[in-house]
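Encoded as structure tokens, the structure appears first; notes follow it.
Computed from a predicted model, the values in this text were never measured in an experiment.
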Amino acid sequence: MDSEAMKPGRLRIAMMLESSGHGGAEVVVFQLAEELRRRGHQVIPVGPAARPGWLADQFRENGFEWEGFVLNRTLDAGLVGRMADLFRRRQIDVVHSHEFSMAVYGAAGARLARVPHIITMHGNQKMTAALRRRVAVRWAFRISSAAVAVSQDTKRTLDQDLGLPEDAVTVVPNGVPVRPGDPAGIRAELQLRDDEVLLLAVGNLITRKGHIVLLRALAQLEDEGIAVPWRLAIAGGRGGEEQEALEQFIAERNWKRRAHLLLHRNDIPDLQAAADIFVMPSLWEGLPLAILEAMHAGNPVIASATSGIPEAITSGVEGLLVPPGEAAPLAQALRVVLENPVERRRLGANALARAQREFTIGAMTDAYERLYFAGLDE
């Protein structure tokens, strides 16, 4: 650790998350840390020692010093003291905890170490399911400097489930760095013809991502005889419980060349650049990064009208929104954009313009910096 005192205005920030898989919250944490470091702050990522995974690898490969913690049981009072010791040892100025477990343990450890604590909730609907969890997170919110939701929908859920006053939770929309992709390699890999329209979906192969609904919608279009030659790529992250069902559906439709499940990809910008249409048929979300990345790539978005998605996409402006879990409306929306390239370009241009106005990594980091310094002034 650098033993020299930080420059004025520069902070030592503990960035805490209870998981280390390749998911949306993990990507936000890493990208935020990178931008904070670019601005001169020192970020110390804190996550599970037992199963470090993708996030720990990303931090280590990019020169961050990962601090692992061990949660010995569901309720581990000793972890509070260990967290406080870590904050003191690393001379932490601000603790920023993401999601439920770190919100609670981070709040307790930060209070013991007497440093400001910020919480961000990314839209996990299971967080407030049990009474003991509601009690714990409500207490963590009360003793923290700020509590953040990534969308108005997530804020409404927290306010309602926890009985919070209107000003208890602040909304900071996710933002993404602009990383232009190269479509050439993807189009060569998938052997796309020039006349084929590529649809892209991104998300682990789990039920709530709704990939099976997308396949059913495309099957409906095929059965109706749509003339547009389409192809589908699903960047399925680490896979999931729906993978076998998706593979079976693709095999039964004889779509070996037409639909592709692409796992463990680190070239999402290239996939977005190669795509003509982005589709997110999720049952629920927070404010998904994949949609923001699609908007920055200038892709029209066809998505479920659920959770935080309508806060990024206005139906008929940046894309088309449909009821979650229903194949027929999704098929109808897909037909509109597949058959009308002028409409595709209009929606995509609007999506890009809005992303550049509202959903940048700079705007997100500005908001969090203001919360950090406000916490120090308390």
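Here the options are T306, V301, I302, I291, the test is side chain to side chain contact (heavy atoms under 4.5 Å, CB included), and the partner is M280; only I291 passes.
A heavy-atom distance below 4.5 Å is found between the side chains of L376 and L11. Side-chain contact between L158 and V137 is absent, with no heavy-atom pair separated by less than 4.5 Å. Side-chain contact between L232 and L215 is present, with heavy atoms from C-beta onward closer than 4.5 Å. Contact of the E285 side chain with the R208 side chain is registered, since non-hydrogen atoms from C-beta on lie closer than 4.5 Å. Proximity of E369 to L36: side-chain heavy atoms (C-beta onward) are separated by under 4.5 Å at one or more points. Within the 4.5 Å cutoff, no side-chain heavy atoms of I234 are placed close to those of K209. Side chains of V202 and L271 form no contact here, defined as non-hydrogen atoms less than 4.5 Å apart. The shortest distance between side-chain heavy atoms of M15 and H98 falls below 4.5 Å.
Using bins of under 30°, 30° to 60° and over 60° for the plane-to-plane angle, the ring pair W255/F249 lands in the tilted bin. Classification of the F64-F30 ring pair by plane angle, with boundaries at 30° and 60°, yields perpendicular. In this structure, H41 and F373 have tilted ring planes: the angle between them lies in the 30° to 60° band.
Within the 3.5 Å criterion, the main-chain N or O of Q191 finds a donor-acceptor partner in the side chain of R257. Here the side chain of S307 pairs no donor or acceptor atom with the backbone of W284 at under 3.5 angstrom. Looking only at distances, no side-chain donor or acceptor of R82 sits under 3.5 Å from a matching main-chain atom of F69. Using modelled atom types, no side-chain atom of D159 and backbone atom of L164 make a donor-acceptor pair closer than 3.5 Å. At distances below 3.5 Å, at least one donor-acceptor pair connects side-chain atoms of R354 with backbone N or O atoms of A312. A donor-acceptor distance shorter than 3.5 angstrom exists from the side chain of N350 to the backbone of V317, with no hydrogens or angles considered. No side-chain donor-acceptor contact under 3.5 Å links R134 to the backbone of G163. In this structure, E311 contributes its side chain and L287 its backbone to no donor-acceptor pair below 3.5 Å. Judged by distance alone, with hydrogens and angles left aside, the side-chain atoms of D93 form a donor-acceptor pair with the main-chain N or O of R12 at under 3.5 Å. A distance-only check finds a donor-acceptor pair linking the side chain of H211 to the backbone of G203 [under 3.5 Å].
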Next on the checklist: As a quick check of understanding, evaluate side-chain contact (heavy atoms from CB on, under 4.5 Å) for Q58 and E26, giving each step before the final call.
Outcome noted: CA-CA 10 Å; Q58 288 294 110; E26 290 82 359; over 6 Å; no
Next on the checklist: H96 vs T120, test: side-chain hydrogen bond (donor to acceptor under 3.5 Å, both in side chains). Steps then yes/no.
Outcome noted: CA-CA 8 Å; H96 189 173; T120 296; 2.8 Å; yes
Item to check | Stepwise side-chain contact (heavy atoms from CB on, under 4.5 Å) test for M295 and I313 | outcome: CA-CA 9 Å; M295 295 171 72; I313 301 297; 3.7 Å; yes
Checklist entry - Run the side-chain contact (heavy atoms from CB on, under 4.5 Å) check on L330 and V279 step by step: do they pass? => result CA-CA 9 Å; L330 179 56; V279 190; 4.2 Å; yes
Checklist entry - Can W230 and R258 be said to form a side-chain contact (heavy atoms from CB on, under 4.5 Å), step by step? => result CA-CA 7 Å; W230 58 266; R258 203 164 205 187; 3.3 Å; yes
Next on the checklist: One pair to check against salt bridge (charged side-chain N to carboxylate O under 4.0 Å, His left out): R38 and E34. What are the steps and the verdict?
Outcome noted: CA-CA 6 Å; R38 190 190 69 78; E34 280 196 310; over 6 Å; no
Next on the checklist: Determine whether D85 and R89 satisfy the following criterion, salt bridge (charged side-chain N to carboxylate O under 4.0 Å, His left out), listing intermediate values before the conclusion.
Outcome noted: CA-CA 6 Å; D85 289 342; R89 172 169 54 85; over 6 Å; no
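Counting non-hydrogen atoms of neighbouring residues, nucleotides and ligands closer than 6.0 angstrom, the CD atom of E224 exceeds 12 such neighbours. With a 6.0 Å radius and a threshold of 12 heavy atoms from other residues, nucleotides or ligands, R114 has its CZ atom at or below the threshold. Residue-environment remark: CZ (R111) stays at or below the threshold of 12 foreign heavy atoms within 6.0 Å. Applying the 6.0 Å contact sphere to CD of E326 captures more than 12 heavy atoms from other residues, nucleotides or ligands. The number of heavy-atom neighbours closer than 6.0 Å to CG of N72, taken from other residues, nucleotides and ligands shown, is above 12. In the displayed structure, E241 atom CD is contacted under 6.0 Å by more than 12 heavy atoms of other residues, nucleotides or ligands.
Side chains of E244 and Q248: a donor-acceptor N/O pair is absent below 3.5 angstrom, by distance only.
Atoms CZ and CE, from F141 and M121 in turn, are 4.5 Å apart once rounded to the nearest 0.5 Å. With rounding to the nearest 0.5 Å, the separation of CZ in R156 from CD in Q160 is 10.0 Å. For the atom pair CD1 of I268 and CD of Q272, the computed distance is 7.0 Å after rounding to the nearest 0.5 Å. Rounded to the nearest 0.5 angstrom, L75 CG and R132 CZ are separated by 10.0 Å. Atom CD of Q42 sits about 12.5 Å away from atom CZ of R10, to the nearest 0.5 Å. In this structure, NE2 in H260 is found 11.0 Å from CD1 in I186, a value given to the nearest 0.5 Å.
T154 approaches G286 most closely through the heavy-atom pair OG1-CA, 4.3 Å. Counting all heavy atoms, side chain and backbone alike, S304 lies closest to S282 at OG-O, 2.7 Å. Taking both residues in full, the closest heavy atoms of E18 and S101 are given as OE1-N, 2.8 Å, listed atom of the first, atom of the second, then distance.
Listed by first and then second residue, the side-chain hydrogen bond (donor to acceptor under 3.5 Å, both in side chains) pairs that reach into residues 166-177 come to none, sequence neighbours excluded.
At a threshold of 4.5 Å between side-chain heavy atoms, the hydrophobic network of Ile, Leu, Val, Met, Phe, Trp and Tyr places V28 and I44 in two separate groups.
Look at D223 and R253 and you find a salt bridge, because one of the NZ, NE, NH1 or NH2 atoms lies within 4.0 Å of a carboxylate O, short of that distance. A salt bridge is absent between R231 and D276; no separation between the charged side-chain nitrogens and carboxylate oxygens falls under 4.0 Å.
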